[in-house]
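What follows is a short report on a single structure.
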Amino acid sequence: SAVGLGNIWKFPYITGENGGGAFVLVYLACILVIGVPIMMAEIMLGRRGRQSPINTMRDLSIEAGHSTHWQYLGWLGVIAGFLILSYYSVIAGWALSYIFRAASGVFTDASVEVVKTEFVSLVGDPEKLVAWHSLFMVLTMFVVARGVQGGLEKAVKFLMPSLFIILILLVGYSMQNGEFNMAVKFLFTPDFEALFYKTDAQGNEYMSWNAVLIAMGHAFFTLSLGMGAIMVYGSYLPADTSIAKTTFMIAAADTIVALMAGLAIFPIVFANNLEPGSGPGLIFNTLPFAFGHMDGGIIFGTLFFVLLSFAAWSSSISLIEPAVAWLVENLSLSRIKASVLMGIACWAVGLLTVFSFNIWSDVKPLADIKIFKDATIFDLLDYLTANIMLPLGGLLIAIFSVWIMSREASMEELDMGDRPGYKLWRFLVRYITPIAVLIVFLNVLGILTFK
């Protein structure tokens, strides 16, 4: 669930935009202080409830002697995961389509303009986007319909090792054919001036803490926290499995994949004099150009987009699982029926994102609100989920875990005793993590700014 488009598509470009090494250092600190404690809490809640996030939060609130209104935290996660998958599937469809574009040699010796035109042509064609969106959704629901052991577990056991193998191959290729030393220096040599000092449109330099807030937010979002996915996976976790060890393994794997993606991408970027901070188009608008001008670029370009699709697929499975689990538990539907029902509903909502890039690109539903003046329907969905629903969900998980749930219950579930490790986790989740998440939450809402 944790390893997905955010690691391979988003992490490199936001690192490029925010000074490289210093941003990576802050990001790693945030993984430890924010991500790991909340993930432990979410897995703990999932395993103790052993149900979908909605039913888990209802039963755990009863156990703690509090209002069952806490079940709405479960609803928040389920709805957030559903909405995210609706547009995640469209973006993942781009990656699927680029597998075939790269393999067919479309980008061989192509200019930057040709590569960009290819991307514009794809997103501007609603029929193509609907087709790729549909294919990805079918792949996702096929795995989910097969259940936990028959579908989810088997798929992840295949997808994740494959992802690591392809990444290792790409890093090896970058070492031989790219500016690897320059990439290592960029990623691991802190430049705090580049992190904190920015330049406005008039060329004036000013100090800003926004890069730190971006690192905090990405550390939170990259681990799939607050959307019910980690909670529902926690419900399938064996009773004798250490939550602390599991969490650190997940966080480590997630971080390693992100750093390896950087080591695969930035040597290629620097070798071709491309801009590391070129934004979301880093992969779709610049890497195909780089692969097209390399020896063996067809093979490794194809492998890269296979990797991206694998990562998106393994995450998409977890995004819809909380909703499917709730339908199975509460409406007595079979997993196949529940998966088909949610898949069709999610596919239909995804059409809003498809059309946001072409025939509805001029539709700005909240244009009267300044910050949403240029926001399409896709932009609004992305903002609602990533900037509001997920941080709110994470904040409520932290509050419930240590302020509502009894100390005895959390100690029993984490099975750490009253040792220093448990005390540190409780202190972080009780005070440090909620404050940090609240800062991110208020910042993305524009209520609190740092300049």
Side-chain angles (χ1 to χ4, degrees), residues 4-6 8-10 13-14 80-104 106-107 110-141 278-289 291-292 301 304-306 308-309 311-313 315-316 319-320 342-387:
L5 289 177
I8 302 163
W9 165 63
K10 189 174 184 180
Y13 85 74
I14 62 173
F82 176 87
L83 291 176
I84 290 171
L85 181 57
S86 74
Y87 64 78
Y88 196 91
S89 175
V90 177
I91 308 303
W94 300 353
L96 281 177
S97 71
Y98 266 60
I99 294 174
F100 299 95
R101 282 171 165 76
S104 64
V106 168
F107 304 118
S111 65
V112 172
E113 289 71 24
V114 169
V115 172
K116 289 183 177 179
T117 299
E118 189 72 23
F119 181 67
V120 171
S121 173
L122 172 65
V123 298
D125 189 330
E127 292 183 1
K128 287 182 180 178
L129 286 193
V130 168
W132 289 113
H133 165 51
S134 302
L135 175 59
F136 187 81
M137 188 61 70
V138 168
L139 290 173
T140 298
M141 303 324 297
S278 58
L282 184 64
I283 285 178
F284 295 105
N285 283 332
T286 61
L287 282 188
F289 166 77
F291 285 127
F304 180 82
F305 289 108
V306 168
L308 194 63
S309 299
W313 194 15
S315 291
S316 67
L319 287 170
I320 201 67
M342 293 311 303
I344 292 174
C346 200
W347 174 86
V349 175
L351 295 180
L352 297 175
T353 294
V354 168
F355 299 143
S356 292
F357 291 102
N358 34 73
I359 59 177
W360 290 350
S361 60
D362 294 328
V363 176
K364 309 292 193 301
L366 299 180
D368 292 336
I369 301 175
K370 186 177 180 180
I371 61 172
F372 298 129
K373 183 179 67 172
D374 299 317
T376 63
I377 297 174
F378 162 70
D379 294 327
L380 293 175
L381 281 171
D382 183 35
Y383 189 92
L384 172 66
T385 53
N387 294 344

Report the C-alpha separation of I8 and F304 in whole Å, then their side-chain angles, then the decisive distance to 0.1 Å, and conclude whether the side chain to side chain contact (heavy atoms under 4.5 Å, CB included) test is met. CA-CA 10 Å; I8 302 163; F304 180 82; 4.0 Å; yes
Begin with the C-alpha distance, continue with both residues' side-chain angles, and end with the deciding distance and a verdict on side chain to side chain contact (heavy atoms under 4.5 Å, CB included) for L122 and R101. CA-CA 11 Å; L122 172 65; R101 282 171 165 76; 3.8 Å; yes
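Put simply, CG on L96 and CD1 on I91 are 12.0 Å apart, with the number rounded to the nearest 0.5 Å. Summarising the geometry, atom CD1 belonging to I283 is positioned 8.0 Å from atom CG belonging to L5; distances are rounded to the nearest 0.5 Å. From D362, atom CG reaches atom OG of S356 across 11.0 Å, with rounding to the nearest 0.5 Å.
Between F305 and A102, the shortest heavy-atom contact is CD1-CB, 4.3 Å. Nearest approach of L380 to A375, heavy atoms of both residues: CD2-CB, 3.8 Å. In terms of heavy-atom proximity, F289 sits nearest to S111 at CD1-C, 3.9 Å. V106 and S104 make their closest contact through CG2-OG, 3.1 Å (heavy atoms, listed as atom of the first residue, atom of the second, distance). Closest approach of V115 and A110 over heavy atoms only: CG2-CB, 4.2 Å.
Remark: the N358 side chain and the S361 side chain contain no N/O donor-acceptor pair separated by less than 3.5 Å.
Within a 6.0 Å sphere centred on NZ of K364, other residues, nucleotides and ligands contribute more than 12 heavy atoms.
Residues forming a side-chain hydrogen bond (donor to acceptor under 3.5 Å, both in side chains) with Y87 (at least two apart in sequence, or on another chain): D382, T385. Under the side-chain hydrogen bond (donor to acceptor under 3.5 Å, both in side chains) criterion, S309 pairs with no residue at all, not counting sequence neighbours.
Here the rule is ring-ring contact (aromatic ring centres under 6.0 Å, His included) with W132, and of W94, Y98, F100 only F100 fits it.
No side-chain donor-acceptor contact under 3.5 Å links S315 to the backbone of A312.
Annotation: side chain of M137 is in contact with side chain of C346 (closest heavy-atom distance under 4.5 Å). Contact annotation: the side chain of K128 never approaches that of V123 to less than 4.5 Å [non-hydrogen atoms, C-beta and beyond]. In this structure the side chain of L381 reaches within 4.5 angstrom of the side chain of T353, judged on heavy atoms. Between F378 and W360 there is no side-chain heavy-atom pair separated by less than 4.5 Å. Between T140 and S89, every side-chain heavy-atom pair lies at or beyond the 4.5 Å cut-off. Annotation: side chain of V349 is in contact with side chain of F82 (closest heavy-atom distance under 4.5 Å). Annotation: side chain of M141 is not in contact with side chain of W347 (no heavy-atom distance under 4.5 Å). Counting heavy atoms from C-beta outward, F284 and L308 have side chains that approach closer than 4.5 Å.
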